[in-house]
Amino acid sequence: MTAETFVTVILFGPLIGAIVAGLFGRRIGNVPSMAVTTGFLFLSAILSWVVFSQWTWGGLEPFTLTYAPFIHVGNFISNWSFRLDGLSAVMLVVVTTVSSLVHLYSWGYMADDPSKPRFFAYLSLFTFAMLALISAADFMQLFFGWEGVGLASYLLIGFWHHKATANAASIKAFVVNRVGDFGFALGIMTTFWALGSIQFADIFPAVAANADKAWWFAGHYWRLMDLACVLLFVGAMGKSAQFFLHTWLPDAMEGPTPVSALIHAATMVTAGVYMVCLLSPMFEYAPFAKHVVTVIGAVTALFAATVGLTQNDIKRVIAYSTCSQLGYMFFAAGVGAYQAAMFHLFTHAFFKALLFLGAGSVIHGMAHEQDMRRYGALARYLPVTYAVMTIGTIAITGLGIPGVDLGFAGFYSKDAIIHHAYTAGEAGDPWGYFAFVIGILVAGLTAFYSWRVAFFTFNGHARWTSEDLKHHWHNRDHAHDDHAHDHADDHGHDAAPADAESHSEPEHGGHGGGHDHKPHESPWTMRIPLIVLAVGAIAAGFAFHHQFIGEHQNEFWRGAIFHLEHGAAHGEHAAPWFVIWGPLIVSVGGLLAAAYMYILKEGLGARLAANRGALYLFFYNKWFFDELYQATFVRGAKFLGDLFWKGGDKKIIDGLGPDGVSALSAEVGRRAGILQSGYLYHYAFVMLLGVAGLLTYALWAWNA
């Protein structure tokens, strides 16, 4: 079989699985629905690795496979197609590998859910939309996949639609992403208007000749490439939850944990990074847009890391970690280090999926309890989960030995990004220094909050009892959701302070009490994906850094990523010691600080949180973005809606129009109906008045 056949099966396999499970799931049953969707995903994953190996070591050349015409109107030409190059080959592996493991993991995690066919159909639909996005040869199919993952995320985040919080979170994600998609659509229109095509093969060669094109508007000349790329990046800000359009991401945790892993590790949130790297021929001629990408990415990395310090919901901490790591990827692309951005996307998929699914294993073992303040001392009960989450924590903090080039996955990609940011600064880009400083600072914060999760969950005193678990299992049996009950700090800001844990020992029986209600390890359908992802979190960086960012990068990418000759971050430059060793120093510092606060001085975090200092409250309340948006955009939109609906539509248009006419007719009829009493003497009296009136008029007229 050829690569063309492989990619066709890869693309349409998940769609077939989604159709079978979605339309016929109730007829064929739960297990066949799960088997069909999971089977197609594993087939796609295996074939993706075959294609990736052919691309990496087999000399496979880029190609575009056209399936059918989509839209042909004048110069606007779009086809259903599959474009294979270095970028799409990497994304195929990332998307299908993580998605297939999430499908397998969901066999155990969703075992008690009554709507398994629907859930697995949504997962496969999500994967198909992402595959359509990464294989697009033009902006139209890219936009189709872009909106497809948005729709699928809405369905999956709100999967437990009996929960008001899940419905609100899905709507929030959908609306915030529409804001970004509006900018994305404007960027596509701008590109088509200026270059006359939406085909990447036509656009990229024409960029250089049109790079200085500008037009006069609102008293200013606007450069084509800068405007188009900034608008396109607005779409990436929404999809990848960057600063200002990030507010939907933590609320997306209302969906089942496998959904969180799929969205955060391999699909929706990485689409923006992929898009910016794909459009490197445009961004390289848009210096202002690249500065915007750098600043937004760096600020996002810092913002999310500070918020992650104070959260208590284990999934929310990891969600903010995703937001922060995406910031790394974006500022890498902003300084021109597209290869490093894609490498971090690749390694991040393994350790972030591992952390999310590991958190799901903890939640499963703790009767769907998500508040870390009710964890502690779980290492002995969840040994496999403890081991793999420790591996994931080491990977995300990027521990490794510089110079020796020995470390876990995050070490290779994160250090490369920080190095390139400094190199960009040395080459004259001041925002490169800004990104470098933020990158070093965030590396320390990442180590602290990541080890905080590990120590808070698996070490220290147990902050749960057998009665707690019994209560949670009872709630779980009566409500198939991811929250046994609403935690005080999940919604609203009158919550108990972060780290306000109680360090009392469990009731008699210790660490879970009775034999029936103790934390337990997950089934093997959940543990196998964790082990596979742990291998990736250990070895993905070491195995592929030569291809992505090392001496073989030109042969690997083969023109999929474009750099101007003077691209500062493209070359390798010697760096001072603090650039090389700085990430390791701050990461070890974050580890030691977390160990001190949550192991050696257990309870120190609670005392610090109880002080409710201004900085703590600022971080705990997520820089007050939700409150700010609620006070401005939400209330402003509601005010305008009420003004135009109640005032304009109902009172003026309807009040003076059809409603007013009908009300006047009804009132006239009601008053006229009073005259119809039904009594004969009333009618005789009226007739007498009429006769008297006529006689009076006749006499008056005769005398006149």
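In this text the structure is predicted, and so the values were computed from the model without any measurement.
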query = For Lys290 and Glu284, what are the C-alpha separation, side-chain angles and deciding distance, and is it a salt bridge (charged side-chain N to carboxylate O under 4.0 Å, His left out)?
reply = CA-CA 8 Å; Lys290 288 180 66 178; Glu284 282 296 286; 2.9 Å; yes
Residues Phe182, Leu186; criterion side-chain contact (heavy atoms from CB on, under 4.5 Å); working and verdict = CA-CA 6 Å; Phe182 180 68; Leu186 290 178; 3.6 Å; yes
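Rounded to the nearest 0.5 angstrom, Phe351 CZ and Ile391 CD1 are separated by 13.5 Å. A distance of 12.5 Å separates CZ in Phe458 from CD1 in Ile599, rounded to the nearest 0.5 Å. Between the CE atom in Met329 and the NE2 atom in His348 there is a gap of 4.5 Å [rounded to 0.5 Å]. If you take CG on Leu615 and OG1 on Thr310, they are separated by 9.5 Å, rounding to the nearest 0.5 Å. Note that CD1 of Ile549 and NE2 of His344 are 11.5 Å apart. Values are rounded to the nearest 0.5 Å. For the atom pair CG of Leu354 and CD1 of Ile318, the computed distance is 9.5 Å after rounding to the nearest 0.5 Å.
For Trp431 and Phe434, the distance between ring centers is under 6.0 angstrom. Remark: aromatic rings of Phe556 and Phe548 are close, center separation under 6.0 Å. Side-chain rings of Trp146 and Phe184 approach one another, their centers coming within less than 6.0 Å. Ring centers of Phe343 and Phe544: at least 6.0 Å apart, outside the cut-off. Aromatic rings of Phe562 and Tyr338 (six-membered ring for Trp) have centroids beyond the 6.0 Å cut-off, not under it. Remark: aromatic rings of Trp557 and Trp55 are distant, center separation not under 6.0 Å. Under the 6.0 Å cut-off for aromatic ring centres, Tyr629 and Phe625 qualify, their centroids lying closer than that.
Between the side chains of Ser413 and Thr347, a donor-acceptor pair is found at a separation under 3.5 Å. With no hydrogens or angles considered, a side-chain donor-acceptor pair links His563 and Gln339 at under 3.5 Å. Judged by distance alone, the side chains of Thr247 and Lys172 never bring a donor and an acceptor atom under 3.5 Å apart.
In the displayed structure, Phe624 atom CZ is contacted under 6.0 Å by more than 12 heavy atoms of other residues, nucleotides or ligands. By the neighbour-count criterion of 12 heavy atoms within 6.0 Å, atom CH2 of Trp248 is densely surrounded, having more than that number from other residues, nucleotides or ligands. For Phe633, the CZ atom is loosely surrounded, since the number of other residues' heavy atoms within 6.0 Å does not exceed 12. Within a 6.0 Å radius of NZ in Lys213, more than 12 heavy atoms belonging to other residues, nucleotides or ligands are found. Counting heavy atoms of neighbouring residues, nucleotides and ligands inside a 6.0 Å radius, atom CZ of Phe542 does not exceed 12 of them.
Here the closest non-hydrogen pair linking Ala319 and Pro250 is CB-CA, 4.4 Å.
Below 30°, between 30° and 60°, or above 60°: for Phe346 and Phe350 the angle between ring planes is above 60°, a perpendicular geometry. Classification of the Phe578-Tyr422 ring pair by plane angle, with boundaries at 30° and 60°, yields perpendicular.
Considering Tyr320, Tyr449, Trp623, Tyr620 as possible partners of Thr306, the one that fulfils the side-chain hydrogen bond (donor to acceptor under 3.5 Å, both in side chains) test is Trp623.
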